Amino acid sequence: MIKITLPDNSVREYESGVTGLQIAQSISSRLAKDVLAVSVNGEVWDLNRPIDQDSAIKLYTWDDREGKETFWHSSAHLMAEAIEFFYPGTKFGIGPTVDTGFYYDVDLPEGKQLTEKDLAQIEKKMIELARQKHQIVRSSITKAEALEMFTDKNDELKQELISELEDGTITLYNQGNFTDLCRGPHLPNTSYIKAVKLTSIAGAYWRGDEKNKMLTRVYGVTFPKQKLLDEYLVLLEEAKKRDHRKIGKEMELFTFSQKVGQGLPLWLPKGTQLRLQLEDFLKKVQRKFGYQQVMTPHIGDVELYKTSGHFQKYGADSFQTIKTPAEGEEYMLKPMNCPHHCEIFASKPHSYKDLPIRFAEFGTVYRYEQSGELHGLTRVRGFTQDDAHLFCRPDQLKDEFKKVIDIVFIIFNSLGLENYTAQISLRDPNNPDKYIGSAENWDKAEAAIIEACAEKGLETVTELGEAAFYGPKLDFMVKDALGRSWQLGTIQVDYNLPERFDLEYIGADDKRHRPIMIHRAPFGSMERFVAVLIEHTAGKFPLWLTPDQVVVLPISEKYNDYAQKVSDFLNNSDIRSLIDDRNEKIGRKIRDNELKRIPYLLIVGEKEAETGTISVRKQGEGDKGSMSMEEFAQFLNDEVKEQLSAFYN
RNA sequence: GCCGGAGUAGCUCAGGGGUAGAGCGCAUCCUUGGUAAGGAUGAGGUCACGAGUUCAAAUCUCGUCUUCGGCUCCA
């Protein structure tokens, strides 16, 4: 008998050789049905692999990451089997799981090609194979045997993988007519897989190296129930509907022009209104926190970026320098605002009493992104950072950091982004040479970030080795309404630039000291942030932010004058309003303006004109009754204030 | 940058070796209306761009550009 410890620390006795599935069966039949994998002393195993010694185990279902990964991993094998059926002789690279689903990199036989149209029949075959309930069987073989096996199959991809493995650790998994080199774990049999969707097809280099052969990567996702697949497809549809490129076009927020150039967004009047609203709000918040607004040009002498080090590190992959008619004059489009801000700091001497000094700028920067990387507003070649650089003393670092976190909170809460976490990126302790600055400073800076987050009650994950070479950082991740994660704002501590720019202040001891610099951008970039906001809200922006807050709809042309009066009054009351005086019936005007996502529709006709009132209709909610213009203006301004309460409190 | 799909009216898309289509939008007119689509008429396109094949190319071939899905990259 062996002792099995469950996660609740209860201990049960089983015959040696018991499997995870048998343990689940002994607990409940429901669990036995749902369980997908088991971890044995921290290692995830197949459910039917015998356990022969005392162990601590944990059973995983679809609700656990480990359960899903096992499920999808087996699904990748199932897909491989189906592909091999249609394309005998296919060579298989790697078939790992991803966030949602899995892929397999395959090398199809000479002259064969997969297109999206072929996916349907592969899906069908997968379901057919799954229903046959093939057992998935694990076996160990020696390295020599493994090499021989895949040499026979002419699969040099697998041979390459095997040659890098340690003898004695090599396992195979077999199901039906398909055997694959694999570490596992896997499902007990194929029948768990009930629903299949192959999502896309793409080229990918073997091992991610462009010198290697291009393989065909097939992406897919599978589920244990058809209903889960249906839900997933609905989510995909919803994501498609919310695509910021589509909504941005519909709502006339931004556009691109071939003549202007790829990756260079043009902000249309309504998009500009939205962006200015965000910028003005952040400026107001920053003023409250003691920031000073500055402005710097879009180009700078190449020497500036040599001083900062950016030229050496990124120059070759950047937009190239701009030459002037004068000999030896060279400028760069600015890829960063910080060097300019450093020079502003250096423009006069500073006392320790003056610190922290905080320079903020909505600074547009230009970075040469590879053409294949450009994507709507989220990846562009010219974008505006809501940048600021804070220069402080070491003893001020933690407090300053906390204040930046406060600003981020105000911003996120004012925008309905309530679901966020943060990642603390620290040094790689095994690789101290990668970083500049003294170990002592790093210790202090890392401690300051960790403590600041803890004191602010921020939920964080910590990643070692993810810090920038010049200092540790904190990145904010926001979950949108569809549960997708976006990386937005960032706060970075920097010891490098103050050094390179020889920045200093005079301390209480009358000696020169080096300030610490914090880079921070709560939005990250205005372009990316607006894109995320569009997808999060599906274009239904919070009232305070939306480009057009109110539209006045006269019942007929006879009331256009009154509508104008209402609209003028609202515009004078700080409300963005317009009139729909088209020659259309009221039902039509309501429909069109609802579809334009305008939060409030004001209907005015004979009754309203006589009594000096308006009839209010709220987007998505319908008729709200009538009130006076004054009441309505007050009501809207209150709603805006409510939405910005994080700022006003 | 690399691999693969796509590019037809302002938008969404159909068509396809013999000079171009729909719906929405837009314009004009009729209608003057009460909470999600009133009616009529009309304008609008070098079928991304450049070469080639052909009696004839928007359609077939090649190249370029842009865009989409991935890969690699991201101060």
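In the text below, chain A, chain B and the rest are named by the order of the sequence lines, each starting its count at 1. Model, not experiment: these values are computed from the prediction.
Closest to the side chain of A:Tyr205, out of B:G33, B:G1, B:U67, is B:G1. Comparing atom distances between the A:Lys607 side chain and each of B:G33, B:C3, B:G34 picks out B:G34 as nearest. Proximity note for A:Lys249 (side chain, C-beta onward) versus B:C68, B:C11, B:G34: the nearest is B:C11. Comparing B:G1, B:U66, B:C71 by their nearest atom to the side chain of A:Tyr219 picks out B:C71. The side chain of A:Ser556 lies closest to B:U32 when the candidates are B:U12, B:A75, B:U32. The A:Pro335 side chain lies nearest to B:A75 when the options are B:C2, B:G33, B:A75.
For A:Glu608 against B:G34, a side-chain-to-base donor-acceptor contact under 3.5 Å is present. One can find a donor-acceptor pair under 3.5 Å joining the base of B:C74 and the side-chain atoms of A:Arg379. A donor and an acceptor atom sit less than 3.5 Å apart, one in the side chain of A:Ser615 and one in the base of B:U35. Side-chain atoms of A:Arg591 and base atoms of B:A37 include a donor and an acceptor less than 3.5 Å apart.
Evaluation of A:Tyr314 against the base of B:A75 yields a stacking contact (centre distance < 5.5 Å, interplanar angle < 30°).
Within 4.0 Å (heavy atoms only), A:Gln370 reaches at least one base atom of the nucleic acid. Counting any heavy atom pair closer than 4.0 Å across all strands shown, A:Asn583 reaches a base atom. The residue A:His375 sits close only to the backbone: its heavy atoms come under 4.0 Å of sugar-phosphate atoms, none of a base. Within the 4.0 angstrom heavy-atom criterion, no nucleotide atom of any strand lies near A:Lys589.
Relative to the ring axis of A:Tyr305, A:Lys313 does not place its NZ or CZ within 45° and under 6.0 Å from the centre. Cation-pi check for A:Arg427 over A:Tyr435 is not met; the charged atom does not lie both under 6.0 angstrom from the ring centroid and within 45 degrees of its normal.
Across every non-hydrogen atom of A:Leu570 and A:Phe632, the tightest pair is CD2-CD2, 3.8 Å. The two residues A:Arg576 and A:Gln549 have their closest heavy-atom pair at N-OE1, 2.8 Å.
OP1 or OP2 of B:G33 lies within a sub-4.0 Å distance of a side-chain N or O belonging to A:Lys558.
Taking atom CD1 on A:Ile555 and atom C1' on B:U31, their separation rounds to 15 Å, with Å as the unit. In this structure, A:Trp486 places its CH2 atom 20 Å from P of B:C74, rounding to the nearest Å. Between the CG atom of A:Asp592 and the C1' atom of B:C11 there is a distance of 14 Å, rounded to whole Å. Rounded to whole angstrom, the span from the CD atom of A:Glu557 across to the P atom of B:U28 amounts to 11 Å. B:C24 atom P lies 9 Å from atom CZ of A:Arg588, rounded to whole Å.
Atom CG of A:Asp301 sits about 11.0 Å away from atom CD1 of A:Ile322, to the nearest 0.5 Å.
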